[in-house]
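First up is the structure itself, then whatever we jot down about it.
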Amino acid sequence: MRISELARRGGVSPRALRYYEEQGLLRPGRTAGGYREYDEAAVRVVQHIRLLLSAGLTTTVIAEILPCIPDDVTTLAPTCPELIDGLTEERARITSSIDKLLAARAVLDRLITSGPR
């Protein structure tokens with residue numbers, strides 16, 4: 001499929017797909033005319049990329065993780081146990097960010113409820 005079709009099915013822009021390619025996250029084939037050509041598996045890869053980006057992971061980390069997610073059923077391939085420490089660190093970083101956001105929201109809640117009406 002062409003880039004516009006993958007963009008539509010993956011819920012991203014063609015520009016995002018080109019960025020994913022630049023980062024080594026997607027590897028499309030090329031037609032004789034030089035157009036990008038994606039296989040059906042690229043839709044799944046794009047969905048995984050979007051999910052991992054939404055979890056706050058960088059494209060560098062995602063590039064390490066993607067080969068360890070062989071399908072929609074396997075969470076983490078048994079051939080990639082070395083990723084667990086890094087993922088644990090990322091989880092701790094995200095948890096810290098959540099804690100800070102919750103504290104900021106609590107301050108705002110107090111300001112809103114104690115403010116003049």
Side-chain angles (χ1 to χ4, degrees):
M1 78 187 82
R2 295 277 172 91
I3 194 168
S4 59
E5 174 70 8
L6 179 58
R8 185 185 64 74
R9 291 182 58 194
V12 297
S13 67
R15 182 177 178 194
L17 294 175
R18 287 188 288 273
Y19 175 73
Y20 298 163
E21 182 183 350
E22 288 172 12
Q23 298 302 304
L25 304 176
L26 277 177
R27 292 180 180 81
R30 295 286 181 162
T31 65
Y35 291 101
R36 291 171 176 84
E37 192 166 65
Y38 299 91
D39 60 14
E40 195 62 33
V43 176
R44 178 182 51 79
V45 172
V46 169
Q47 291 168 344
H48 288 156
I49 292 168
R50 290 184 64 209
L51 177 65
L52 294 168
L53 284 170
S54 72
L57 300 178
T58 66
T59 55
T60 303
V61 172
I62 293 171
E64 292 179 41
I65 294 172
L66 281 178
C68 297
I69 307 174
D71 54 45
D72 288 333
V73 177
T74 307
T75 304
L76 191 62
T79 57
C80 301
E82 70 279 1
L83 292 178
I84 298 301
D85 289 342
L87 292 174
T88 301
E89 289 174 16
E90 286 294 324
R91 185 182 188 286
R93 183 189 61 76
I94 291 169
T95 299
S96 174
S97 294
I98 290 170
D99 292 344
K100 289 174 186 172
L101 287 170
L102 288 172
R105 184 176 70 181
V107 169
L108 289 174
D109 287 345
R110 285 193 303 272
L111 291 170
I112 291 168
T113 58
S114 66
R117 300 259 173 212

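Since we're looking at a predicted model, the values are computed, not measured.
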Practice prompt. May I ask you to test the Leu26-Tyr19 pair for a side-chain heavy-atom distance under 4.5 Å?
Written response: no
Item to complete: Indicate yes or no: at least one non-hydrogen side-chain atom of Leu53 is less than 4.5 angstrom from one of Thr59.
Response: yes
Practice prompt. Would you indicate whether the side-chain heavy atoms of Arg93 and Glu90 approach each other to under 4.5 Å?
Written response: yes
Worksheet item: Among all residues two or more places apart in sequence or in another chain, which pass the side-chain contact (heavy atoms from CB on, under 4.5 Å) test with Ala104?
Response: none
Worksheet item: Step by step, would you call Gln23 with Arg18 a side-chain contact (heavy atoms from CB on, under 4.5 Å)?
Response: CA-CA 9 Å; Gln23 298 302 304; Arg18 287 188 288 273; over 6 Å; no
Discussion item. For a side-chain contact (heavy atoms from CB on, under 4.5 Å) check, start with the C-alpha distance between Arg36 and Arg30, then their side-chain angles and the critical distance, and finish with the verdict.
Written reply: CA-CA 5 Å; Arg36 291 171 176 84; Arg30 295 286 181 162; 3.6 Å; yes
Practice prompt. Would you sort out whether Tyr20 and Val12 count as a side-chain contact (heavy atoms from CB on, under 4.5 Å), showing the intermediate values?
Written response: CA-CA 11 Å; Tyr20 298 163; Val12 297; 3.9 Å; yes
Worksheet item: Atom CG of Leu52 and atom OG of Ser54: how far apart are they, to the nearest 0.5 Å?
Response: 7.5 Å
Worksheet item: What's the spacing between Ile62 CD1 and Leu57 CG if we round to 0.5 Å?
Response: 5.5 Å
Practice prompt. Measure from the side-chain N and O atoms of Asp85 to the backbone N and O of Thr88, and report whether any donor-acceptor pair falls under 3.5 Å.
Written response: no
Worksheet item: Is a donor on one side and an acceptor on the other found under 3.5 Å between the side chain of Thr95 and the backbone of Arg91?
Response: yes
Worksheet item: Would you call Arg15 and Glu22 a salt bridge, using N to O less than 4.0 angstrom?
Response: no
Worksheet entry | side-chain contact (heavy atoms from CB on, under 4.5 Å) between Leu101 and Ile98, worked out | CA-CA 5 Å; Leu101 287 170; Ile98 290 170; 5.6 Å; no
Discussion item. For Leu25 versus Val45, what's the shortest heavy-atom pair and its separation?
Written reply: O-CG1, 3.8 Å
Please tabulate, for the side chains in residues 1-8, all donor-acceptor contacts under 3.5 angstrom to protein atoms that are two or more places apart in sequence or on a different chain.
residue	atom	partner	partner atom	Å
Glu5	OE1	Arg8	NH2	3.4
Glu5	OE2	Arg8	NH2	2.8

Worksheet item: Side chains of Arg9 and Glu40: closer than 4.5 Å at any heavy-atom pair?
Response: yes
Worksheet item: About how many Å separate CG of Leu83 and CD of Glu64, when rounded to the nearest 0.5 Å?
Response: 6.0 Å
Worksheet item: For the atom pair CZ (Arg105) and CD1 (Ile112), what is the distance rounded to the nearest 0.5 Å?
Response: 10.5 Å
Worksheet item: What distance separates Ile69 CD1 from Leu51 CG, expressed to the nearest 0.5 Å?
Response: 8.0 Å
Fill in: Gap separating the CG atom of Asp109 from the OG atom of Ser114, nearest 0.5 angstrom
10.5 Å
Worksheet item: Is the side chain of Arg27 donor-acceptor paired with the backbone N or O of Glu21 at a distance under 3.5 Å, no angle test?
Response: no
